[in-house]
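The structure appears right after this line, and notes come after that.
Numbered from 1 within each chain, the chains take letters A, B, ... in sequence-line order. Everything quoted here is computed from the prediction, not taken from an experiment.
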Amino acid sequence: MSTNAKVDYQTEKGGYYKVLIGLLLLTTITFIQPSMFLTDATFVVQLLIGLIKALIILFYYMHLKGETLIGWTVSFAVFIVLFFFTIVIYDVQNFQFVDESHISSEATSAGSPTAGHHSSHSDTTSEHTSAASHEATHSEH
Amino acid sequence: MSKSYFDETHCAIGHPKTKVMQWLLTIDHKRIGIMYAAVMFTFFFVAIATAMAMRIELFAPGAQIMDGDTFNQAFTLHGVIMIFLFIIPGIPAVFGNIVMPLMIGAKDVSFPRLNWFTFWLYILGCLIALSSLWTGNGFADTGWTFYAPYSLTTDTNVITTLVAAFVLGMASILTGLNFLVTIHRLRAPGMDFFKMPLFVWGIYATAWIQLLATPVVGITLILAILEKYFGIGIFDPSKGGDPVLFEHLFWIYSHPAVYLMILPAFGIMSEIIPVFSRREIFGYRTIALSSASIAGIGYLVWGHHLFTSGMSDIAKTIFSFLTFFVAIPTGIKFYDWIATMYKGKVILKTPMLWALGTIVTFAIGGLTGVTIAMVGADIHLQDTYYSVAHFHYAILGGVVFLFFAGLHYWFPVVTGRMYNETTAKVAFWLNFVGINLLWFPMFIAGYYGMPRRYFDYLPEFEIYHQISGVGAAVILAGLLLMFWNFLRSWNNGELSGTNPWEGTTLEWHLPSSPPPLENHTKVPYVDFNPYEYHHGEPVVKFDYETMKRID
Amino acid sequence: MSDHAYVPEIATSRDGVEHEVQGWQGDFYGGKLGFWLFMLTEVLMFGAMFMVLTYYFTLHHADYIDASAGLNRVLGGFNTVVLLVSALTMGLGLLKMRSGDVKGAKLMIWATIFFAFLFLGVKAIEWSLEYQHGVFLGLDALQSGNAHSKPFGQILFFGMYFTMTGLHGFHIIIGIGLMLWLLKRINAGLVTPEHHILHWNIALYWDLVHLIWVFVFPYFYMIGADAGGYHIPDIGSLFGGHSNEH
């Protein structure tokens with residue numbers, strides 16, 4: 001494979017420094033983002049930046065570029081992880097016994113009383129909760 | 001006679017002089033496979049002894065020879081040994097090691113030293129698991145699934161068992177990794193993926209599961225250990241942790257693990273059926289690709305273990321649906337095997353008998369699996385003897401039976417001798433009758449509500465348990481007879497020659513039997529399909545000096 | 001490999017064409033493939049932990065944001081840069097090895113080891129500061145049912161925080177061990193510009209450790225960086241969350 005061939009240090013090192021600068025720039029964005037822009041979506045933005053950084057590291061530092069077989073195996077593994085994520089998170093989001101559950105709300109917590117709700121809408125949330133519990137009681141009879 | 005791999009070996013460290021050290025340090029894939037088999041079948045009989053003890057306990061209602069707590073430890077020990085020490089390493093560690101490199105014309109696996117290390121990692125895991133029998137408060141009583149939160153609160157020695165399972169998992173990962181690289185890199189020139197024997201396909205699909213599912217259970221076990229030591233709260237409901245999450249993570253590995261068990265077994269079946277029918281296998285590509293798709297779909301069905309655990313309805317429906325899907329590639333394989341035998345010259349030697357017996361027992365095990373994949377039926381049958389019987393029909397009647405088929409089939413390659421055919425057939429019939437006596441009554445008992453893992457039961461279930469007890473004794477007799485036959489024949493069986501079955505794959509084209517240290521003297525160029533028969537005769541013939549085709 | 005001297009074998013097809021047989025000895029691509037497969041197991045392992053983390057994030061959104069806001073972003077950020085630079089030195093070291101400059105390669109590996117220790121030192125300071133604030137595994141704040149108990153979501157957040165950064169730190173320690181072993185092999189002449197698979201794979205390992213941190217860092221440190229960060233959309237809603245049913 002080509003990666004086993006001898007290389008010239010002086011011509012190749014430039015690429016490494018460029019990648020370093022790119023990664024440092026992205027890290028800077030990571031730091032300023034929460035107070036600068038898209039503050040409504042910090043989590044998503046942060047993970048997207050992480051994803052870009054990861055791809056840069058994979059392709060350039062880890063020499064994944066041009067590796068067909070290894071590239072496929074990596075994609076397969078990542079796909080499986082994402083599938084696990086989708087199912088498990090979907091399951092917990094649609095948890096039916098949220099009002100009876102011991103783990104999704106606790107007496108001491110000052111945070112949101114129910115699972116999977118925006119705490120910024122805590123007023124509407126509690127409305128939903130009572131509505132849901134009302135439905136539950138209703139269906140029992 | 002030329003030297004075989006029993007006479008000389010390569011070692012991981014130096015050149016030891018004594019026989020014992022040569023075995024302990026060997027990096028030869030054939031020797032390592034034999035050592036795996038020796039250790040594994042020793043544990044297999046330990047687990048069978050535990051099972052027999054439980055069967056005696058259950059022969060009549062009420063306590064006979066042990067109390068409930070001991071019974072809990074007994075079924076945990078049985079499960080842990082059978083699952084983690086025997087059946088998960090099982091066929092890949094034994095035949096994947098011994099036969100797979102021979103089949104692809106390789107001199108060894110890709111990382112022979114890693115293979116040696118892996119074997120000793122496996123031994124370490126076994127020792128840790130056994131050590132918990134005598135240390136702490138006795139062996140774990142959680143069942144082999146270690147469900148939280150009970151596993152976090154019981155004072156028995158769960159941590160040791162968790163560590164053992166983790167170490168064994170590492171060994172499993174490294175085995176899979178080694179085989180994947182071997183299959184990708186070391187195939188003989190000309191052998192593309194669709195010229196590989198189907199056993200190699202089975203090992204390939206299995207290796208992917210070993211590699212990509214095992215880490216999930218590894219980290220789950222680590223989280224459980226951290227939970228017990230440091231109280232990180234992940235599975236502890238008093239801190240908001242969700243025990244159902246443990247079940248998710250556990251079954252994300254442990255369900256693919258059953259496909260990890262069955263796929264190489266199907267591979268053995270696909271070797272035996274064409275050779276003993278003297279016909280080219282029907283639908284080679286469909287069998288190969290169905291192995292791959294069982295492995296793929298197998299990742300996506302773990303949720304059917306959680307139907308009664310409080311999963312959301314939509315997730316239940318998805319999982320139920322995906323589980324039905326696994327039956328499709330499995331069914332394709334069955335049709336292909338039966339179509340191969342049709343108009344073939346079927347030779348009922350022992351390996352073929354085991355294979356045919358498996359078609360019956362695995363069909364029962366597989367189809368009952370489809371019934372409990374239905375959410376509604378499962379709510380009735382979950383945790384009853386019905387699921388126990390399903391599991392054992394599929395794993396004992398599928399994986400272990402085919403493992404035995406493989407033991408008979410490749411016995412001449414490994415030892416250079418032939419087992420006693422009559423004894424072997426008697427042993428098969430004992431096992432075949434025994435398994436049906438042992439497990440079929442459990443379907444009925446389970447359907448009427450006999451729960452699993454109970455050491456006592458209502459009087460109306462007595463008849464089922466007693467039939468099962470008799471069946472267990474019959475199986476035990478069959479197993480002892482079979483292994484006695486193997487050990488005796490290894491010492492003084494007839495010499496078998498290199499190709500007693502007129503097989504066509506490369507492990508039957510070795511220069512001598514048992515094979516020399518570095519396998520084929522010359523690697524052949526593979527421009528033929530693995531199972532080429534014409535009018536009941538193998539097509540491909542070699543000049544064994546130059547390994548050139550002379551047909 | 002000296003005790004298994006290897007001569008590539010030739011297989012001849014029926015029409016007389018000769019094909020070189022790939023042996024397990026000196027198989028550079030095989031070694032690389034094997035190590036990538038090993039790294040996939042790491043991806044699955046950390047992937048499963050991220051899944052656990054996300055599972056409770058969907059249950060306890062606000063608690064996570066609160067807990068994250070309390071982490072030390074200065075030290076965490078400093079460590080991010082340290083790892084970034086160490087990945088560069090590692091990469092340049094491999095480049096020097098491949099171009100034949102063994103001495104320069106060793107220097108770069110030493111630099112990487114230095115940065116790895118720096119990372120661990122900063123990590124130790126960070127953890128001890130947290131310990132002084134009463135947030136550590138086993139302390140009251142992370143136990144249930146006492147006066148100092150934090151809410152469920154925060155207990156779980158910190159439980160995962162210590163687990164994941166701890167395991168990541170463990171990987172750094174393993175990495176230091178691997179690099180010292182690599183230096184020993186280089187000095188013994190077993191890793192050379194012609195035969196550098198070990199160096200290659202350890203460089204890959206180090207990039208993987210960096211890669212994991214690239215996700216660990218924002219997930220723990222940055223999600224609560226915005227002080228009033230209560231406006232962040234619930235990622236669970238992407239999956240048709242419970243709240244959408246009403």
Look at atom OH of Tyr229(B) and say whether more than 12 heavy atoms of other residues, nucleotides or ligands are closer to it than 6.0 Å. no

Relative to chain B, which segment of Leu142(C) carries a heavy atom at a distance below 4.5 Å: side chain, backbone, both, or neither? backbone

Just checking, any donor-acceptor pair under 3.5 angstrom between side chains of His148(C) and Gln143(C)? no

Applying a strict 4.5 Å limit to non-hydrogen atoms, the region of Asp242(B) in contact with chain C is both

Would you mind telling me which of Asp527(B), Leu212(B), Val526(B) has the largest number of heavy-atom pairs within less than 4.5 Å of chain C? Leu212(B)

Please classify the contact of Phe111(B) with chain C as side chain, backbone, both or neither, using a heavy-atom distance under 4.5 Å. side chain

Chain C: which of Asn178(B), Thr182(B), Val181(B) shares the most heavy-atom pairs with it under 4.5 Å? Val181(B)

Quick check for you: among Pro112(B), Ala213(B), Gly190(B), Pro524(B), which has the greatest number of heavy-atom pairs under 4.5 Å with chain C? Pro112(B)

Is the ring centre of His60(C) less than 6.0 Å from the ring centre of Phe157(C)? no

Go through the atoms of Leu177(B) and report whether side chain, backbone, both or neither lie under 4.5 Å from a heavy atom of chain C. both

Greatest number of non-hydrogen atom pairs under 4.5 angstrom with chain B, of Gly31(C), Ala48(C), Gly34(C), Gly138(C), falls to Gly34(C)

Exercise: identify the closest heavy-atom pair between Arg185(B) and Tyr29(C): NH1-CD2, 3.4 Å

Would a 4.5 Å heavy-atom cut-off, applied to side chains only, mark Tyr299(B) and Tyr259(B) as touching? no

For Leu211(B), which atoms come within 4.5 Å of any heavy atom of chain C: side chain, backbone, both, or neither? both

Please flag which part of Tyr55(C) lies under 4.5 Å from any non-hydrogen atom of chain B: side chain, backbone, both or neither. side chain

Does Trp302(B) have its ring centroid less than 6.0 Å away from the ring centroid of Phe250(B)? no

Need one label for Asp108(B): side chain, backbone, both or neither, based on atoms under 4.5 Å from any heavy atom in chain C. both

For the aromatic rings, using the six-membered ring if either is Trp, is the centroid distance between His61(C) and Tyr56(C) under 6.0 Å? no

Val109(B) versus chain C, heavy atoms under 4.5 Å apart: side chain, backbone, both or neither? backbone

In terms of heavy-atom pairs under 4.5 Å with chain B, the winner among Glu42(C), Met45(C), Arg14(C) is Arg14(C)

Check whether Ile252(B) gets within reach of chain C through its side chain, its backbone, both or neither, counting any heavy atom under 4.5 Å. side chain

What part of Lys522(B) is in contact with chain C, defined as an atom under 4.5 angstrom from a non-hydrogen atom: side chain, backbone, both or neither? both

Would you please indicate yes or no on a ring centroid separation below 6.0 angstrom for Trp213(C) and Phe119(C)? yes

Please flag which part of Leu249(B) lies under 4.5 Å from any non-hydrogen atom of chain C: side chain, backbone, both or neither. side chain

Does the gap between the ring centers of Phe50(C) and Tyr219(C) come in under 6.0 Å? yes

Output field: ring centroids His248(B)/Tyr253(B) closer than 6.0 Å: no

